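Every chain is numbered from 1 and lettered A, B, ... according to where its sequence line falls, protein lines coming before strand lines. Note that the coordinates shown come from a computational prediction; the quantities given were computed from them, not determined experimentally.
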Number of protein chains: 2
Amino acid sequence: MIKYSVVIVDDHTLLSQAIATMVNTFSKFKVLYTCKNGQELVEKFSTSAKYIPDIVLMDINMPLMNGIETTDWITKNHETVNVMALSVEDEDTTILKMLKVGAIGYLLKDTEKSVLENALIEIAENGFYHTKTVTNLLMKSLSDNYSEEITLKEREVTFMKHACSEMTYKEIADVMCLSPKTIDGYRDVLFTKLNVKNRVGLVMYAIKNKIYTP
Amino acid sequence: MIKYSVVIVDDHTLLSQAIATMVNTFSKFKVLYTCKNGQELVEKFSTSAKYIPDIVLMDINMPLMNGIETTDWITKNHETVNVMALSVEDEDTTILKMLKVGAIGYLLKDTEKSVLENALIEIAENGFYHTKTVTNLLMKSLSDNYSEEITLKEREVTFMKHACSEMTYKEIADVMCLSPKTIDGYRDVLFTKLNVKNRVGLVMYAIKNKIYTP
DNA sequence: TTTTAAATAAGGAAAAACACCTATTTGTAA
DNA sequence: TTACAAATAGGTGTTTTTCCTTATTTAAAA
């Protein structure tokens, strides 16, 4: 019986090895190798065609080259490879970003072994797998205002990072070499754009969107 | 050959199952069962003595009852059970807390399969396992001011969680059914205790110490 | 060159946050 | 019961934040 080949990308060695061990117990699949990040995967892919699998199981939060960038690269350069996201990340926007760059499935790490196996089978044989969660999310993204992408200027982002510190706005103005009144302006614009009420809201937004990491 | 029994506690089902699959490939160990959080484990332990393993592999970030609380409970109620922390968390204070409540080993999820197997063997046969990282950390904790333990009252913790929202202090006073002046008091005490200058500092402390999760 | 849009900045006022000191109330240990 | 500490809360004044409106300056587009 010909087994489908799988590659696992996750920066936590133990987890990728554990998942590999598990996938190897599935009768229809075998693990080719595991990677610690996107860069490693790109290198492997470029070395030889025999390193190109049928399916990639991709974590999202990784150093060097994260899951979104890596998936983007794979779908652009190796159309035949199916990427399935496998992450702890359940933020709507993250899932959407992943689907947008071409992931054909999205599973939370909080699922059953059998669910993973079925997902892999569906992907290998039908070319897609979507949980109800993902489908619902896609429906919502059609109706809701998910399209109104919020774009932040570089200065605003810089300011927001500083706002996550204990500096007063005056001090932030100093380190950014601007008038305190300009800072006031940034703040007011961001309050409106991000629909928050005060500095704490700003801080929370920055953290949730990985603009600032505590 | 008698195998040592292992229980795995991790809120991400897939990961605990994957690690279970891996541990089952180790000749000296077999997995009894897996749990999604501390509460599940406590229930299991209380059901029957046959559910009490030799070793518990414990994740730290879990809902309901986290790794630290759970380890504390185990070491207080089941001295014979060895707990090894297995986490992505590499914050010094977290590791120290875990050791303080009686974990006899600490492994990052970013390690090799063989390292885990050796650690398990050492724990089963010698009763301890410490990486160089942990040893260094313990040395540092002797010299440094790690001892100045900060203890927070329950009300202060509740307040701090609310402070991580966009509510004003007056609104927080309302939901906590206290005078705004009492809230002022909580804030002032926390500023001093935690050595922060303003509400953002409070928020950051809450996040870093997992009092509030964004 | 004129027009427009964006970035920077100011004034003024109200609200919220912060600091410091004091006064009840309450539970509990001596 | 008395004494004492902890929790709750009031007073007052300063600083910071927040909100609104308007004015330059700058850079790019028409």
For residues 167-181 of chain B, which side-chain N or O atoms pair as donor and acceptor with protein atoms under 3.5 Å away, sequence neighbours left out?
unit_1: B:Thr168; atom_1: OG1; unit_2: B:Lys170; atom_2: N; d: 3.4
unit_1: B:Thr168; atom_1: OG1; unit_2: B:Glu171; atom_2: N; d: 3.2
unit_1: B:Glu171; atom_1: OE1; unit_2: B:Thr168; atom_2: N; d: 2.9
unit_1: B:Ser179; atom_1: OG; unit_2: B:Lys181; atom_2: N; d: 2.9

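Closest contact between the side chain of B:Lys181 and the listed nucleotides C:dA19, C:dA10, C:dT8 involves C:dA19. Here C:dC18 is the nucleotide among C:dC18, C:dA9, D:dT16 with the atom lying nearest to any side-chain atom of B:Asn198. Out of D:dA7, C:dA19, C:dA9, the shortest distance to the side chain of B:Lys153 is found at D:dA7. With C:dA9, C:dC18, D:dT17 as the candidates, the nucleotide lying closest to the side chain of B:Tyr169 is C:dC18.
Classification of the A:His78-A:Phe45 ring pair by plane angle, with boundaries at 30° and 60°, yields perpendicular. Below 30°, between 30° and 60°, or above 60°: for A:Tyr186 and A:Phe159 the angle between ring planes is between 30° and 60°, a tilted geometry.
We find that CD of A:Glu166 is positioned 14 Å from C1' of D:dT16, with the value rounded to whole Å. Here the P atom of nucleotide C:dC18 and the NZ atom of B:Lys170 are 17 Å apart, to the nearest Å. Per the geometry, OH belonging to B:Tyr186 stands 18 Å off C1' belonging to C:dC18, to the nearest Å. Here D:dA6 presents its P atom at 18 Å from CG of B:Leu178, a figure rounded to the nearest Å. Across the protein-nucleic acid pair, B:Lys193 atom NZ and C:dC18 atom P stand 18 Å apart, rounded to whole Å. The nearest whole Å value for the distance from the CG atom in B:Asp188 to the P atom in D:dT8 is 15 Å. Across the protein-nucleic acid pair, B:Arg199 atom CZ and C:dA19 atom C1' stand 17 Å apart, rounded to whole Å. Rounded to a whole Å, the CD1 atom of A:Ile183 is 9 Å from the P atom of C:dA9.
The pair B:Asp10-B:Lys36 fails the salt-bridge criterion, with no side-chain N (NZ, NE, NH1 or NH2) lying under 4.0 Å from an Asp/Glu carboxylate O.
A:Asp184 comes within contact range of at least one nucleobase, with a heavy-atom separation under 4.0 Å. Counting non-hydrogen atoms under 4.0 angstrom, B:Arg187 reaches a base of the nucleic acid. Nucleic acid contact class of A:Thr182 (heavy atoms, under 4.0 Å, all strands): base.
Side-chain N or O atoms of A:Asp54 include one that pairs as donor or acceptor with a backbone N or O of A:Ser5 at under 3.5 Å.
Remark: A:Thr168 is not in phosphate contact with D:dT15, judged by side-chain N or O atoms under 4.0 Å from OP1 or OP2.
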